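These numbers come from a predicted model, not from an experiment. When reading the values below, keep in mind they use all heavy atoms of this one structure, side chains included, and skip hydrogens, waters and symmetry mates.
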Amino acid sequence: MTYILNIETSTKNCSVSIAQDGVTIICNEIAEEGYSHAERLHVFIEKSLKEAAISYADLSAVAVSQGPGSYTGLRIGVSAAKGLCYALGIPLLAVDTLKVLASQVKVPSGYIVPMLDARRMEVYSAVFDSDVNNVRETLAEIITEDSFENYNEKMYFVGDCADKCKSVLAKPNFLFLEEIKYPSAKEMCVLSFEKFKNNETVDVAYFEPFYLKDFMITTSKK
């Protein structure tokens, strides 16, 4: 029996799940404007373990959403995951955040484009086929009317960028699934179990989140 704790904190959604052999058995999450990850994450971990009726000692691995996404959110999630793996002596698994987001989409054909906000008209994005295989690398890109112009198939856009992008990305084959805004630890379960079975672990001491671009510090206007 393989139990994996999955942690997703790359956006406003603070999400924790427990998977048994790749199947989600428990998920606790909340999306808040205030990014309450530091207060919520360990509470959700304890709650999830209790609801799954297992202990830390039963865990086979911890998986964390690696980014891209919120710098602070990623740091909180990765720090928690690394601390647990070090204390328990179990492997750390890193799962691509945009693939986690794309995995919420179930379509027979076309392409899935997960996008996460990266300030102004810039987004973190990738392109996946309908089987959630990556067909274009992850980029930090500025969205214009010419973005994705080479794709004529249906393009399903998900993430927290619909409000700022749908007026620019207006081609008839561009469809925004606005109900899918944030990645969730629910969709991490299958992905993390595959990595566990294939022994695709990362170094607990040296692993860093996939930030994709430098952290920007803003100056207070007060």
Interatomic spacing from [atom1] in [X] to [atom2] in [Y] - rounded to 0.5 Å:
| X | Y | atom1 | atom2 | value |
| --- | --- | --- | --- | --- |
| Asn28 | Leu49 | CG | CG | 10.0 Å |
| Met188 | Leu5 | CE | CG | 8.5 Å |
| Met121 | Ser147 | CE | OG | 8.0 Å |
| Cys165 | Phe176 | SG | CZ | 6.0 Å |
| Ser103 | Lys186 | OG | NZ | 13.5 Å |
| Leu177 | Gln104 | CG | CD | 10.0 Å |

Applying side-chain contact (heavy atoms from CB on, under 4.5 Å) to Lys47 and Lys50, what does each step give before you reach the verdict? CA-CA 5 Å; Lys47 186 172 185 284; Lys50 184 176 181 180; 5.8 Å; no
Between Lys164 and Glu122 (salt bridge meaning N to carboxylate O under 4.0 Å), is one present in this structure? no
Whether Arg40 and Glu32 form a salt bridge (side-chain N of Lys/Arg under 4.0 Å from carboxylate O of Asp/Glu) is what I want to check. yes
Partners passing side-chain contact (heavy atoms from CB on, under 4.5 Å) against Lys195 (at least two apart in sequence or in another chain): Leu93, Val95, Glu200
Contacts of Ile25 that satisfy side-chain contact (heavy atoms from CB on, under 4.5 Å) - sequence neighbours left out: Tyr3, Ile18, Gln20, Ala52
Side chain to side chain, [X] and [Y], heavy atoms closer than 4.5 Å:
| X | Y | result |
| --- | --- | --- |
| Cys189 | Ser17 | yes |
| Leu84 | Tyr56 | yes |
| Leu92 | Val78 | no |
| Ile143 | Leu169 | yes |
| Tyr211 | Arg75 | yes |

Given the options Thr11, Val113, Leu116, Leu101 meets side-chain contact (heavy atoms from CB on, under 4.5 Å) only with Leu116
Exactly one candidate in Ile45, Thr9, Ile26, Val43 meets side-chain contact (heavy atoms from CB on, under 4.5 Å) with Val16; the answer is Ile45
Does atom CD of Glu137 have more than 12 heavy-atom neighbours from other groups under 6.0 Å away? yes
Carefully, step by step, assess Lys181 and Asn13 under the rule side-chain contact (heavy atoms from CB on, under 4.5 Å). CA-CA 9 Å; Lys181 295 187 68 173; Asn13 193 31; over 6 Å; no
Pair [X]-[Y], side-chain donor/acceptor within less than 3.5 Å:
| X | Y | answer |
| --- | --- | --- |
| Arg136 | Ser125 | yes |
| Glu153 | Ser109 | no |
| Asn6 | Glu187 | no |
| Glu8 | Ser65 | yes |

Under 3.5 Å: donor-acceptor pair, side chain of [X], backbone of [Y]:
| X | Y | answer |
| --- | --- | --- |
| Asn133 | Asp129 | no |
| Ser10 | Gly69 | no |
| Ser15 | Ser184 | no |

Ring pair (Phe, Tyr, Trp, His ring centres under 6.0 Å) partners for Phe174, two or more places apart: Phe157
Are Tyr156 and Tyr111, when compared by the centres of their aromatic rings, separated by less than 6.0 Å? no
From CA spacing to verdict: side-chain contact (heavy atoms from CB on, under 4.5 Å), Phe210, Leu74: CA-CA 9 Å; Phe210 179 43; Leu74 289 170; over 6 Å; no
Describe, in one word, how the ring planes of Phe148 and Tyr151 are oriented to each other, choosing from parallel (under 30°), tilted (30 to 60°) and perpendicular (over 60°). tilted
Working for side-chain contact (heavy atoms from CB on, under 4.5 Å), residues Asp21 and Val23: CA-CA 6 Å; Asp21 296 331; Val23 177; 5.6 Å; no
